[in-house]
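Accompanying notes for the structure given below.
Read the numbers this way: they start at 1 and go in the same order the structure lists the ligands and their atoms. Computed from heavy atoms alone, side chains included, the values below leave out hydrogens, waters and symmetry copies.
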Amino acid sequence: MKVYVMIGAPGAGKGTQAAILAQRLSLLHVASGDLFRDAVRNGTPLGREARRYMDRGALVPDPVVIGMIEERLDQPDAAAGVILDGFPRTRPQAEALDAALAQRGARVDAALYVGVSEEELIRRLSARWVCRAAGHPYNERSHPPQVPGVCDLDGSQLYQRDDDRPETVRARLAQQLPPMYEVIDYYTTQGVLVAVDGAQPVEAVTEALLSAIAHPARPGRSEAA
Ligand code: AP5
Ligand code: MG
């Protein structure tokens, strides 16, 4: 099982890149935020709990997230491998992921960090639209849909996320960047971190990520498991 982790601040382009990489590498795209948004929409107990945190830009507690992701990893469509988008977001989540993967005979092959300045993050999120069916992201400025308000990929309606309001974006950055840097440190220590410049056009970011995956910094590391 191949496992790639996407790391990046809110709006860095994790979802954009994870969707492309999943297709190019024939892996399953698992986005923790999308799983929570589905649960919120369906009014499940998980959704009700997650919403309390998401609405104020806070992280959902580790045990809730870890349980949800482990369940998802056990579905048959995850057997070949996954691109995790938005998980892990804290050091305890990263440790729990390692333990869960070890039990399944796998490990994180590469942690892909997409770096973008805070100014640009705010610009991107205020202009973002995502689709109802699968959360495919668009941008009024950099990536508009072919037909306004309609997803190019699945035809579903586009909407703006509640947590993309400016005050919630500020809260997300303030609360979520410090734990993200701990996760980056964690994977740096393990020797699996790859950092790419996320300010480049989408296609250039994708090529940088694919080339890093194809030529790991520590040869053999990604083949070992
Ligand atoms: P989540 O849905 O993961 O949100 P996030 O991390 O804040 O990230 P975003 O989805 O906002 O941004 P993205 O990096 O995917 O960027 P995108 O590709 O859309 O999480 C939501 C909430 O759920 C969290 O706040 C938390 O409460 C909870 N949660 C989730 N996971 C959790 C966890 N593990 N632990 C605890 N809580 C958790 O791109 C953004 C915009 O930029 C788009 O408009 C896009 O078109 C545009 N764009 C992308 N790339 C480029 C580019 N290269 N150039 C120009 N524009 C670009
Ligand atoms: Mg996303």
If a pair satisfies side-chain hydrogen bond (donor to acceptor under 3.5 Å, both in side chains) and one of its residues is in residues 42-53, list it, with sequence neighbours excluded.
->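 Applying side-chain hydrogen bond (donor to acceptor under 3.5 Å, both in side chains) to every pair that reaches into residues 42-53, excluding sequence neighbours, yields Arg51-Asp55.
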Centre of Tyr159's six-membered ring, under 6.0 Å away, within 45 degrees of the axis: is that where NZ or CZ of Arg132 sits?
->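 Judged by the rule (NZ or CZ under 6.0 Å from the ring centre, within 45° of its axis), Arg132 counts as positioned above Tyr159.
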Glu140 atom CD: more than 12 heavy-atom contacts under 6.0 Å |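 Result for CD/Glu140: enclosed.
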Which atoms form the tightest heavy-atom contact between Arg124 and Ala199, and what is the distance?
->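 Closest pair (atom of Arg124, atom of Ala199, distance): NH2-CA, 3.9 Å.
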With the side chain counted from C-beta on, respond yes when Gln160 and Val130 share a heavy-atom pair under 4.5 Å apart, and no when they do not.
->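 The answer is no; the side chains never approach within 4.5 Å.
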Gap between atom CG of Leu25 and atom CG of Leu210 - 0.5 Å precision =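 The CG atom of Leu210 sits 5.5 Å away from the CG atom of Leu25.
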Listing by chain and number, which residues have a heavy atom under 4.0 Å from ligand 1?
->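 Shell around ligand 1 (4.0 Å, heavy atoms): Ala9, Pro10, Gly11, Ala12, Gly13, Lys14, Gly15, Thr16, Ser32, Gly33, Phe36, Arg37, Met54, Ala58, Leu59, Val60, Val65, Gly86, Phe87, Arg89, Gln93, Arg124, Leu125, Arg128, Pro137, Tyr138, Asn139, Ser142, Arg161, Asp163, Arg172, Gln176, Gly198, Gln200, Pro201, Val202.
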